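Take a look at the structure set out below.
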Amino acid sequence: MVMSRPAGVEGGTPVLAVSGLVRSFEGVRAVRGVSFELWAGEIVGLVGENGAGKSTLVKVLTGVNQPDRGDIQIHGTRVRLTNPRLARQLGIAAMYQEPLIFPDLNVAENIMVGRQRARHGLIDWRQTRRDAQSQIDRLGLHLDLDRSGRELSVAQRQLVEIVKALSQGAKVLILDEPTAVLSSRETESLLRIVRNLRDDGVGIVYISHRLDEVMGLTDRILVLRDGQKVVELRTAETSLAELIPYMVGRELSALIPDRTGSPGEEVVLKVDHLTHRGNFEDISFELHRGEVLGVFGLVGAGRTELAQSLFGIDPVDGGEITLMGKRFHPKSPRKATRAGIAYVPENRLLNGLIASFPIRLNLVMSIWDLLAKFGVVRTNLINRRSAELAERVKLQKGSPNRLGSALSGGNQQKVVLGKWLATGPTVLILDEPTHGIDVGAKTDVLRSVDELAASGVGVLLISSEIEEVKGMADRVLVLHQGSVGGTFKTPVSSEALLQAAYGLHSASGVAS
């Protein structure tokens with residue numbers, strides 16, 4: 001279904017019309033016959049699971065990839081976007097989570113790069129600055145023309161990209177996860193600018209896993225699943241509870257799986273008065289076989305630092321660690337891995353996998369020495385073991401030779417999880433395992449966590465999402481400014497966890 005022009009939007013022709021777009025990669029159809037319209041002066045939300053086809057659709061619309069079939073029209077004229085430069089010339093610009101600006105050019109140069117005024121064959125820098133300032137003033141922004149790109153915050157770099165795009169005549173602006181790494185204040189500021197751009201007649205495609213933002217910002221929502229458009233909704237006429245089942249094909253209540261096991265008596269990991277000065281102090285807890293121990297706290301509470309010390313990445317200054325009844329000194333990740341500890345880091349792309357390696361090699365990287373004999377790699381064994389791991393973590397079907405960089409965030413996380421499952425860990429540390437992934441992949445990852453705990457693995461689940469911690473953990477350890485703020489058995493109220501995280505009380509027990 002393609003909706004008619006939204007109420008209050010002027011003009012009789014959409015600024016962008018897409019019809020029957022198809023795009024495949026190595027036999028996998030990433031976009032399957034997608035059609036939609038975007039009108040000047042509206043914001044359309046584009047949502048769906050990781051791997052639903054959002055990124056591929058954006059690449060087609062910006063000229064990075066060519067469609068196998070389908071039509072694209074701009075202001076009613078059929079176009080063929082053969083490269084990103086042509087897409088920009090025709091008025092389509094995209095801004096991503098990590099803005100791409102020149103770090104050694106200043107703000108004015110970044111905005112006007114390639115379009116500086118010249119006099120007598122030389123760049124007129126004074127006029128270039130005036131032109132850049134004019135574009136900034138037009139949007140009511142405040143940017144220092146002389147600051148270099150590397151001195152800017154992520155939010156400021158995003159504003160530079162927006163100013164640059166609009167100064168080039170962009171009529172369609174695609175925002176891909178623009179608030180993923182912004183603070184709440186920066187997010188509010190960016191969303192206010194986006195609304196102003198809509199009021200000025202720009203057509204905006206807004207992509208985000210933060211569904212509350214989508215619900216509060218957009219005029220319409222386009223839902224993709226498995227590369228297809230499954231529904232197109234008017235935002236004012238729908239709710240979050242109605243939206244999610246379209247995205248994942250199941251009800252909201254099913255997103256966090258029920259636990260199928262219960263903790264044993266055996267303590268697999270014991271931490272006594274562990275301290276890493278400047279990061280955390282006097283941390284004590286026990287982790288039982290088959291238990292999921294949630295670790296909750298605010299940013300800066302010391303959760304990641306604790307995980308990295310347990311895995312041998314960072315040193316400790318005091319305290320003891322006991323692993324399977326024996327004193328343990330995690331001097332390196334290699335030693336921790338051999339002792340039975342696995343760690344899935346928060347930044348999966350930077351620290352979890354090798355983006356330029358194929359999936360099958362990433363999956364077996366942690367057990368590489370077991371898959372070679374006399375220095376000779378046993379390819380058949382690698383292929384068989386990687387296929388088993390891919391099936392175990394429910395990795396999206398496709399060629400095992402796809403590069404890690406080609407995967408969606410959710411599938412990258414599954415690869416990293418599979419890599420560590422290959423080691424057969426006794427203790428698994430998961431640092432924000434569902435951060436930045438869609439709700440469908442989230443369920444798959446959390447179901448794997450439950451299966452691991454049910455098999456006897458002790459799991460430390462570090463998460464900023466209260467509902468995730470409450471739904472998955474047997475107990476919750478709350479950190480506040482590097483110290484233990486409380487330990488709670490579940491079920492526990494969100495209020496109790498937040499009070500402990502803010503240091504309002506220290507408590508231990510079952511919440512009422």
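Just so you know, these numbers use all the heavy atoms, side chains as well, and skip hydrogens, waters and symmetry mates. Since this is a predicted model, take the numbers as computed values, not measurements.
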Problem set entry | Val457 and Thr426, any side-chain heavy atoms less than 4.5 Å apart | no
For this session: Any chance you could lay out the side chain to side chain contact (heavy atoms under 4.5 Å, CB included) test for Leu310 and Leu460, step after step, and finish with the verdict?
Result: CA-CA 11 Å; Leu310 291 174; Leu460 277 182; 3.7 Å; yes
For this session: Calculate, to the nearest 0.5 Å, the distance between atoms CD and CG belonging to Glu177 and Leu175 respectively.
Result: 11.0 Å
Exercise. When you check the side-chain N and O atoms of His273 and Asp282, is any donor under 3.5 Å from an acceptor?
Worked result: yes
For this session: Check the surroundings of atom CZ in Phe285: do more than 12 heavy atoms from other residues, nucleotides or ligands lie under 6.0 Å from it?
Result: yes
Exercise. Is a side-chain N or O of Ser455 found less than 3.5 angstrom from the main chain of Leu452, in a donor-acceptor match?
Worked result: yes
For this session: Taking the side chain as every heavy atom from C-beta outward, state whether Asp219 and Arg234 have any atom pair closer than 4.5 Å.
Result: no
Exercise. Under 3.5 Å, side chain of His480 to main-chain N/O of Ala501, donor-acceptor pair present?
Worked result: yes
Exercise. Between the side chain of Lys229 and the main-chain N/O of Val223, is any donor-acceptor distance below 3.5 Å?
Worked result: no
Exercise. Which atom pair, heavy atoms only, marks the closest approach of Val58 to Tyr96?
Worked result: CG1-OH, 3.9 Å
Exercise. For Arg220, which of Glu37, Glu232, Glu237 qualifies under side chain to side chain donor-acceptor pair (under 3.5 Å)?
Worked result: Glu232
Problem set entry | Flag for Glu281-Thr275: side-chain donor and acceptor within less than 3.5 Å | no
Problem set entry | Non-hydrogen side-chain atoms of Leu293 and Leu461 separated by less than 4.5 Å | no
Problem set entry | Flag, side chain of Asp68 to backbone of Ser24, donor-acceptor distance under 3.5 Å | yes
Exercise. Any Lys/Arg nitrogen of Arg447 or Asp450 sitting under 4.0 Å from an Asp/Glu carboxylate oxygen of the other?
Worked result: no
For this session: Would you mind telling me which of Leu38, Val205, Ile204, Leu57 makes a side chain to side chain contact (heavy atoms under 4.5 Å, CB included) with Ile174?
Result: Val205
Exercise. Is the number of heavy atoms from other residues, nucleotides or ligands within 6.0 Å of CZ (Arg195) greater than 12?
Worked result: yes
Exercise. Does any non-hydrogen side-chain atom of Leu497 lie less than 4.5 Å from one of Val476?
Worked result: yes
Exercise. Where is the tightest heavy-atom contact between Ile162 and Met95, given as atom of each residue plus distance?
Worked result: CG1-SD, 3.6 Å
Problem set entry | Gap between atom OG of Ser55 and atom CG of Asp176 - 0.5 Å precision | 5.5 Å
Problem set entry | Ser332 (side chain) donor-acceptor with Lys335 (main chain) under 3.5 angstrom | yes
Exercise. Among side-chain atoms of Ser284 and Asp272, is any donor-acceptor pair under 3.5 angstrom?
Worked result: no
Problem set entry | Under 3.5 Å: donor-acceptor pair, side chain of Glu391, backbone of Glu388 | no
Problem set entry | Donor-acceptor under 3.5 Å (Asn65 side chain, Lys59 main chain) | no
For this session: Working to the nearest 0.5 Å, report the span between CD1 of Ile359 and CD of Gln412.
Result: 9.5 Å
Problem set entry | Atom of Ser309, atom of Pro330 and distance for their closest heavy-atom approach | O-CG, 3.3 Å
Problem set entry | Between OG on residue Ser463 and CD on residue Glu346, distance to nearest 0.5 Å | 10.0 Å
Exercise. With a 4.5 Å heavy-atom cut-off, do Leu222 and Val47 have their side chains touching?
Worked result: no
For this session: Would you sort out whether Gln228 and Val34 count as a side chain to side chain contact (heavy atoms under 4.5 Å, CB included), showing the intermediate values?
Result: CA-CA 6 Å; Gln228 294 178 301; Val34 171; 5.8 Å; no
Exercise. Does the pair Lys414 and Asp444 meet the rule for a salt bridge (charged side-chain N to carboxylate O under 4.0 Å, His left out), with working shown?
Worked result: CA-CA 9 Å; Lys414 291 179 183 180; Asp444 289 339; 2.9 Å; yes
For this session: Report the C-alpha separation of Lys419 and Leu363 in whole Å, then their side-chain angles, then the decisive distance to 0.1 Å, and conclude whether the side chain to side chain contact (heavy atoms under 4.5 Å, CB included) test is met.
Result: CA-CA 4 Å; Lys419 177 184 77 172; Leu363 281 166; 5.5 Å; no
For this session: Please check if any side-chain donor atom of Ser494 sits under 3.5 Å from a side-chain acceptor atom of Lys470, or the reverse.
Result: yes
Seminar exercise, completed: Scanning both residues in full, the closest heavy-atom pair of Leu224 with Lys54 reads CD1-N, 3.9 Å
For this session: Could you tell me whether a side-chain N or O of Glu286 sits under 3.5 Å from a main-chain N or O of Leu269, the two making a donor and an acceptor?
Result: no
For this session: Fit a plane to each ring of Trp420 and Phe311, take the angle between them on a 0 to 90° scale, and name the class: parallel (under 30°), tilted (30 to 60°) or perpendicular (over 60°).
Result: perpendicular
For this session: For residues Phe296 and Leu477, determine if any side-chain heavy atom of one lies less than 4.5 Å from a side-chain heavy atom of the other.
Result: no
Problem set entry | Shortest non-hydrogen separation from Met247 to Arg225 and the atoms involved | O-CD, 3.3 Å
For this session: Decide side chain to side chain contact (heavy atoms under 4.5 Å, CB included) for Arg29 and Val22; before the verdict, give the C-alpha distance in whole Å, the side-chain angles of both, and the deciding distance to 0.1 Å.
Result: CA-CA 7 Å; Arg29 186 164 289 184; Val22 174; 3.9 Å; yes
For this session: Could you tell me whether Lys270 and Glu320 make a salt bridge, using a distance below 4.0 angstrom between a side-chain N and a carboxylate O?
Result: no
For this session: Consider only side-chain N and O atoms of Thr218 and Thr235, and report whether a donor and an acceptor are under 3.5 Å apart.
Result: yes
Exercise. Quick check: does any side chain N or O of Asp474 sit under 3.5 Å from a backbone N or O of Glu291, one acting as donor and the other as acceptor?
Worked result: no
For this session: Search all heavy atoms of Tyr206 against all heavy atoms of Glu213 and return the closest pair with its distance.
Result: OH-OE1, 2.7 Å
Exercise. To the nearest 0.5 Å, how far apart are CZ in Arg289 and CD in Glu266?
Worked result: 4.0 Å
For this session: Spell out, as yes or no, whether a donor-acceptor pair under 3.5 Å connects the side chain of Arg32 to the backbone of Asp226.
Result: yes
Problem set entry | Leu306 and Leu274, any side-chain heavy atoms less than 4.5 Å apart | yes
Exercise. Rounded to the nearest 0.5 Å, how far apart are CG of Leu243 and OG1 of Thr238?
Worked result: 6.0 Å
Exercise. Below 4.5 Å, heavy atoms only, C-beta onward: do Thr490 and Arg475 meet side chain to side chain?
Worked result: no
